[in-house]
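Worth knowing before you read on, the calculation uses all heavy atoms, side chains too, and leaves out hydrogens, waters and symmetry mates. If you're wondering where the values come from, they're calculated on a predicted model, not measured in any experiment. Note that the numbering runs from 1 along the sequence shown for the chain. Order of listing sets the numbers, starting from 1, for every ligand and every atom in it.
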Amino acid sequence: MNTKKITIIGGGNLGMAIAEGLLKSGFASADQITITRRTLSRLEDLKQKGVTVTANNVEAIRTSEVIIVALKPFNVKEVLAGLKDSFDPNKHIIISVVTGIFLKDLAEIFDSPIPIFRAMPNTAIAIQESVTCLCQQGATDNQINYVKELFDQLGITIPIEEKLMDAATVLGACGIAFALRFIRAATQGGIEIGFDAKTASLIAAQTVKGSAELLLKLNRHPEEEIDKVTTPKGCTIVGLNEMEHQGFSSSLIRGIGASYKKINS
Ligand SMILES: NC(=O)c1ccc[n+]([C@@H]2O[C@H](COP(=O)([O-])OP(=O)(O)OC[C@H]3O[C@@H](n4cnc5c(N)ncnc54)[C@H](OP(=O)(O)O)[C@@H]3O)[C@@H](O)[C@H]2O)c1
């Protein structure tokens with residue numbers, strides 16, 4: 001059972017989703033969570049649920065052991081540098097979900113042997129279905145297990161080396177947009193062949209969910225499941241091959257490559 005108090009600095013989209021997920025999962029009770037931002041009116045829902053909402057980062061850090069940093073990359077260094085003296089390496093664990101900010105950048109700011117984690121979740125964290133890739137420096141096994149357990153409440157967690165963080169960002173976080181564009185395109189196709197938009201979207205979304213679950217729950221290879229639905233001379237293989245002639249797999253692979261190039265430029 002989690003007994004630690006958790007502060008989320010930067011209560012925007014991701015920060016709020018993490019707070020909601022921790023509450024819903026029961027990992028933390030409302031009185032164990034503090035969330036900060038400057039525009040407090042946007043945190044009204046969480047306040048109603050009993051979460052402490054404040055613009056006072058120093059006080060929030062003082063009253064917690066686990067500090068989740070969900071600020072934007074452009075101001076994270078400045079904000080954390082201003083809070084540097086509030087952190088105690090013997091008390092605090094820092095978890096940054098900020099894209100593109102390395103462990104060494106964070107360590108430089110704190111200039112102390114404080115345990116630091118980098119986590120890369122995706123927006124499905126709002127419904128506890130994220131994949132969160134994690135790396136760390138300076139943490140004990142207990143702290144590593146704790147942080148893994150925290151993100152396991154919000155989906156699944158995969159420990160990775162930091163050098164793979166950009167790849168995790170593209171495949172996991174940008175991946176939400178790639179998968180949703182597939183669903184939108186399938187919906188448009190569904191309308192063309194007779195369904196209204198709402199029904200087509202529901203069929204497309206549930207089909208993608210079912211396909212993913214076949215891999216996740218039954219541990220199958222995608223091609224094994226594809227073979228089951230591609231009858232010789234049937235309509236599935238004809239459609240699939242036409243998609244491939246039009247560059248379906250290739251465009252996905254190239255898109256992932258382009259995102260990766262961009263993140264590194
Ligand atoms: N969205 C994703 O899919 C995703 C996935 C993985 C990682 N990330 C990373 O997560 C981070 C947050 O993303 P987001 O989409 O949640 O951004 P966001 O909605 O802009 O949230 C950032 C929040 O920080 C608050 N803030 C700014 N200055 C502050 C300060 N001095 N003290 C406390 N709070 C402050 C802002 O609120 P006020 O202006 O009211 O202070 C804002 O709500 C980003 O670094 C992003 O790269 C996002």
Side-chain angles (χ1 to χ4, degrees), residues 6-22 33-47 51-64 66-87 92 94-103 105-106 109-110 116-136 147 150-151 154-160 162 164-181 256 259-260 262-265:
I6 301 166
T7 276
I8 300 164
I9 298 182
N13 297 317
L14 194 58
M16 285 193 283
I18 291 172
E20 293 282 1
L22 291 175
I33 303 176
T34 297
I35 186 161
T36 80
R37 68 181 289 167
R38 293 160 305 180
T39 328
L40 290 181
S41 56
R42 303 264 177 88
L43 298 173
E44 196 51 42
D45 279 0
L46 285 167
K47 189 178 174 188
V51 170
T52 304
V53 309
T54 176
N56 187 338
N57 289 325
V58 171
E59 184 59 13
I61 294 164
R62 194 186 63 75
T63 54
S64 296
V66 179
I67 313 296
I68 300 176
V69 180
L71 295 158
K72 282 284 197 204
F74 76 87
N75 73 346
V76 64
K77 287 188 185 171
E78 186 195 330
V79 174
L80 289 183
L83 297 168
K84 186 180 147 184
D85 295 338
S86 305
F87 290 98
H92 291 120
I94 294 169
I95 306 168
S96 165
V97 294
V98 184
T99 311
I101 303 291
F102 292 85
L103 290 170
D105 300 326
L106 295 161
I109 297 171
F110 295 112
I116 306 173
F117 290 78
R118 257 185 94 184
M120 180 49 62
N122 64 32
T123 48
I125 206 163
I127 51 157
Q128 298 162 257
E129 288 289 353
S130 174
V131 54
T132 302
C133 291
L134 269 180
C135 62
Q136 58 80 28
V147 174
L150 186 154
F151 283 101
L154 307 169
I156 64 161
T157 310
I158 304 179
I160 61 168
E162 189 175 30
L164 283 171
M165 233 352 141
D166 287 344
T169 306
V170 171
L171 203 56
C174 310
I176 289 272
F178 305 152
L180 288 173
R181 185 54 66 85
I256 287 169
S259 289
Y260 187 70
K262 174 72 182 169
I263 215 172
N264 280 300
S265 64

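- When non-hydrogen atoms are compared, ligand 1 lies under 4.0 Å from the side chain of N57 (C-beta onward) but not from its backbone.
- Ranking the protein heavy atoms by distance from atom 20 (O) of ligand 1 puts K72 CE, 3.1 Å first.
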Quiz prompt | L103 vs C135, side chain to side chain contact (heavy atoms under 4.5 Å, CB included): CA-CA, chis, key distance, verdict | solution = CA-CA 9 Å; L103 290 170; C135 62; 4.0 Å; yes
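- At under 3.5 Å, not a single nitrogen or oxygen of V98, backbone or side chain, sits near a nitrogen or oxygen of ligand 1.
- Between T7 and I61, the shortest heavy-atom contact is OG1-N, 4.4 Å.
- From the protein, the heavy atom lying nearest to atom 40 (O) of ligand 1 is T39 OG1, 2.5 Å.
- In this structure, I95 and A119 approach most closely via the heavy-atom pair CG2-CB, 4.1 Å.
- With respect to atom 21 (O) of ligand 1, the closest heavy atom belonging to the protein is G12 CA, 3.3 Å.
- Among protein heavy atoms, atom 15 (O) of ligand 1 sits closest to N13 ND2, 3.6 Å.
- The shortest distance between side-chain heavy atoms of T132 and L154 does not fall below 4.5 Å.
- Annotation for ligand 1: atoms under 4.0 Å from non-hydrogen atoms of T99 are 7 (C), 8 (N), 9 (C), 45 (O), 46 (C), 47 (O).
- Ligand 1 has no N or O atom lying under 3.5 Å from any N or O atom of N122, backbone or side chain.
- Atoms of ligand 1 found under 4.0 Å from any heavy atom of N75 (numbered from 1 in listed order, with element): 27 (C), 28 (N).
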Please report, to 0.1 Å, the donor-acceptor pairs under 3.5 Å made by any side chain of residues 12-20, with sequence neighbours excluded.
| unit_1 | atom_1 | unit_2 | atom_2 | d |
| --- | --- | --- | --- | --- |
| E20 | OE1 | K49 | NZ | 2.8 |
| E20 | OE2 | K49 | NZ | 3.2 |

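- Scanning the protein for heavy atoms near atom 27 (C) of ligand 1, the closest one is R38 NH2, 3.2 Å.
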Exercise. Evaluate the criterion side chain to side chain contact (heavy atoms under 4.5 Å, CB included) for residue pair S64 and I6; output intermediate values, then yes/no.
Key: CA-CA 5 Å; S64 296; I6 301 166; 5.7 Å; no
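- Side-chain contact between T54 and E59: absent, with no pair of heavy atoms (C-beta onward) separated by less than 4.5 Å.
- The residue from T123, L83, L71 that puts a heavy atom closest to atom 29 (C) of ligand 1 is L71.
- Set against the non-hydrogen atoms of M120, the atoms of ligand 1 under 4.0 Å away are 6 (C), 7 (C).
- In terms of the ring pair (Phe, Tyr, Trp, His ring centres under 6.0 Å) criterion, residue partners of F87 (sequence neighbours excluded) are, by chain and number, H92, F110.
- For L14, a nitrogen or oxygen atom sits less than 3.5 Å from a nitrogen or oxygen atom of ligand 1, counting backbone and side chain alike.
- Atoms of ligand 1 found under 4.0 Å from any heavy atom of V97, numbered from 1 in the order shown, are 7 (C), 8 (N), 9 (C), 10 (O).
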Practice problem: Evaluate the criterion side chain to side chain contact (heavy atoms under 4.5 Å, CB included) for residue pair N56 and T36; output intermediate values, then yes/no. | Solution: CA-CA 7 Å; N56 187 338; T36 80; over 6 Å; no
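- Considering only non-hydrogen protein atoms, atom 24 (O) of ligand 1 sits nearest to G10 CA, 3.5 Å.
- In terms of protein heavy-atom proximity, atom 22 (C) of ligand 1 is nearest to A70 O, 3.5 Å.
- Under a 4.0 Å criterion applied to the non-hydrogen atoms of P121, ligand 1 contributes the atoms 5 (C), 6 (C).
- Among I68, L71, T34, the single residue meeting the side-chain contact (heavy atoms from CB on, under 4.5 Å) criterion with I9 is L71.
- The parts of P73 lying near ligand 1 are both backbone and side chain, judged by heavy-atom distances below 4.0 Å.
- Ranking protein heavy atoms by distance to atom 33 (C) of ligand 1, first place goes to T36 OG1, 3.4 Å.
- Open room surrounds CD on E78; 12 or fewer heavy atoms of other groups in view lie less than 6.0 Å from it.
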Practice problem: Assess whether side chain to side chain contact (heavy atoms under 4.5 Å, CB included) is satisfied between L80 and V69, documenting all intermediate values. | Solution: CA-CA 9 Å; L80 289 183; V69 180; 4.2 Å; yes
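- Less than 4.0 angstrom separates some heavy atom of V79 from each of these atoms of ligand 1: 31 (N).
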